[in-house]
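Quick notes on the structure that follows.
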There are 2 protein chains.
Amino acid sequence: MAEGLADASESRAERKERTRRAILDAALALAADSNLAAISLRQVAKQVGVVPTAFYRHFGSLELLGLALVDESFRSLRLMLLDVWRHAPEYRDFIDGSLPIVAQHVRENRSHYAFIARERTAGPPRVREAIHHEIALITRELATDVARTGAAEQYSSEDIALLADLIVSFVVTMAERLVEHPDSEAQTLAEARTQLRMLLVGALNWQSREA
Amino acid sequence: MAEGLADASESRAERKERTRRAILDAALALAADSNLAAISLRQVAKQVGVVPTAFYRHFGSLELLGLALVDESFRSLRLMLLDVWRHAPEYRDFIDGSLPIVAQHVRENRSHYAFIARERTAGPPRVREAIHHEIALITRELATDVARTGAAEQYSSEDIALLADLIVSFVVTMAERLVEHPDSEAQTLAEARTQLRMLLVGALNWQSREA
DNA sequence: GTATTGAGTGAACAGACGTTCACTGAAAGG
DNA sequence: CCTTTCAGTGAACGTCTGTTCACTCAATAC
């Protein structure tokens, strides 16, 4: 089972995982110049430095590879959000506390966010669905979190959901901009800060009854 | 010059324009199943019922065809917006007056909106730029319109621009949803109505000084 | 009535595509 | 130590790709 004593080479599983990672990274890089549906299995294989057939040892198709990338992207994203929400009560200002963390995560995972931004609207149907599902889950979590902290007691639960959706949609748009214009991060962030404030001032003055 | 008397066949220019339209429509239809970067010149030609080479008589590349589609989409969109803004003062409620018109236009031009939604993030760079440019123009027009009607006198001009951007971004998101779930138009619209109201309640209570 | 223009043709090209198959050879299992 | 497993190989297939070129032949121009 074990490889006995000191062995400089990797185990079988380690090598496989290394190739799998290389394939994921290559696909991410190649898709960045167009999109997932426009790249070919052979391009990916060539970039990895492996024969086209080897691809099938790891993924049944480019679409399944795409689903793996969605999974990977959102696993990291959710960890970041968990961190944001756990520390939220400590913030003197929720917006100023949270936005920079999101911006930092986008900066450090630009290619993943770029992938999500593109494939969310242009990817293969199953990939699109997977992304929308993940975003819907996050929206639901934000809604329960808003309800739990009692920040909007005058809201009906339906309206809390709509508010959460409004916020998530806005942050998605902001993330798209951070991806597209990495050099303008400071300005994008400053503008988003003001806009989110405008939006939340609306939240504070909103009453569900005035539908 | 003229074609003399009664002639059942089309003029040369008419035939050319008819083929051009067929190419635009074919590309729009084929890209709907993936995206512009993933379709081929030969697929388009086959769909039109013309030999691949004939494509070049109308467009130098698929990318230029994409730019033509952007142009076409936004020309129609701008006419609709002109109509919305001209009749805005008559509305008892601006939101209830405008949103249904936008929704109707999306319904009647679904393939164009789907194209814009996809290529906005996943299209060839020049196509993406063209779309963002058009959206920026519309945002600027909305800002001057908001400023002109004096609906937000307490706003700095920078904040009017940010508010306009917030509204346009939201409507873009709403349009994406109308495209993706045509069957839920009524619900999407009802939710968007509430969300836009939340947002604008924020606008009314916002003051530029509290940055 | 003759000359020009130009949208559409059809063959040809070199290369890339996805997928199949039988294979190798080192790591892991017993 | 011998056997099994399986990530990666390499050739082969039929099909599709963008682009070139010389061409036809009806509508237009003069």
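Hydrogens, waters and symmetry mates play no part in the numbers below; they use all other heavy atoms, side chains included. Reminder, nothing fancy here: chain letters follow the sequence lines and each chain counts from 1.
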- prompt: Can we say B:R197 and B:D93 salt-bridge, meaning some charged N sits less than 4.0 Å from an Asp/Glu carboxylate O?
  reply: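 A salt bridge is present here (some side-chain N lies under 4.0 Å from a carboxylate O).
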Let me know the distance between [atom1] of [X] and [atom2] of [N], rounded to the nearest Å.
X: B:I23; N: C:dG8; atom1: CD1; atom2: P; value: 7 Å
X: B:E17; N: C:dG6; atom1: CD; atom2: C1'; value: 16 Å
X: B:H58; N: C:dG6; atom1: NE2; atom2: P; value: 13 Å
X: B:R15; N: D:dA26; atom1: CZ; atom2: P; value: 11 Å
X: B:E14; N: D:dT28; atom1: CD; atom2: P; value: 9 Å
X: A:E63; N: C:dT19; atom1: CD; atom2: P; value: 12 Å
X: A:L62; N: C:dT19; atom1: CG; atom2: C1'; value: 13 Å
X: B:F59; N: D:dT19; atom1: CZ; atom2: C1'; value: 18 Å

Pairs flagged by side-chain hydrogen bond (donor to acceptor under 3.5 Å, both in side chains) wherever residues 166-185 of chain A is involved - sequence neighbours left out: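 For residues 166-185 of chain A, and leaving out neighbouring residues, the side-chain hydrogen bond (donor to acceptor under 3.5 Å, both in side chains) pairs sorted by first residue read A:R107-A:E185, A:R120-A:E176, A:S169-B:R177, A:E176-B:R120, A:R177-B:D165, A:R177-B:S169, A:E180-B:R128.
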- prompt: Is the backbone of A:V146 close enough, under 3.5 Å, to the side chain of A:T149 for a donor and an acceptor to pair up by distance?
  reply: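 At least one qualifying donor-acceptor pair exists.
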query: Sequence neighbours excluded, which residues qualify as side chain to side chain contact (heavy atoms under 4.5 Å, CB included) partners of A:A130?
result: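 Partners of A:A130 by the side chain to side chain contact (heavy atoms under 4.5 Å, CB included) criterion, ordered by chain and then number, come out as A:L67, A:V70.
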task: Return the set of residues passing side chain to side chain contact (heavy atoms under 4.5 Å, CB included) with B:L82 (not counting sequence neighbours), or none when no residue passes.
output: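 Partners of B:L82 by the side chain to side chain contact (heavy atoms under 4.5 Å, CB included) criterion come out as none, since no residue qualifies.
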query: Does any residue of residues 27-42 of chain B have a heavy atom under 4.0 Å from DNA chain D, and if so, which ones, in number order?
result: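 Result for residues 27-42 of chain B: B:S40, B:L41, B:R42, sorted by number.
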task: Could you list by number each residue of residues 49-57 of chain A showing a heavy-atom separation from DNA chain D of less than 4.0 Å, or answer none if no residue does?
output: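 Contacting residues: A:V50, A:V51, A:T53, A:A54, A:R57.
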Could you pull out all residues at least two apart from [X] that satisfy side-chain hydrogen bond (donor to acceptor under 3.5 Å, both in side chains)?
X: B:D33; result: none
X: B:Q43; result: none
X: B:N109; result: none
X: B:R86; result: none

- request: Could you pull out all residues at least two apart from A:H105 that satisfy ring-ring contact (aromatic ring centres under 6.0 Å, His included)?
  value: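 Once residues adjacent in sequence are excluded, the partners of A:H105 under the ring-ring contact (aromatic ring centres under 6.0 Å, His included) criterion are A:Y113.
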field: Pairs meeting criterion salt bridge (Lys or Arg N to Asp or Glu O under 4.0 Å) with involvement of residues 48-67 of chain B, two or more places apart
entry: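 Salt bridge (Lys or Arg N to Asp or Glu O under 4.0 Å) check on residues 48-67 of chain B returns B:E63-B:R126.
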Give every pair of a protein N or O atom and an N or O atom of nucleotides 1-5 of chain C that lie under 3.5 Å apart, one pair per line with the distance.
{"residue": "C:dT5", "atom": "O2", "partner": "B:R12", "partner atom": "NH2", "Å": "2.4"}

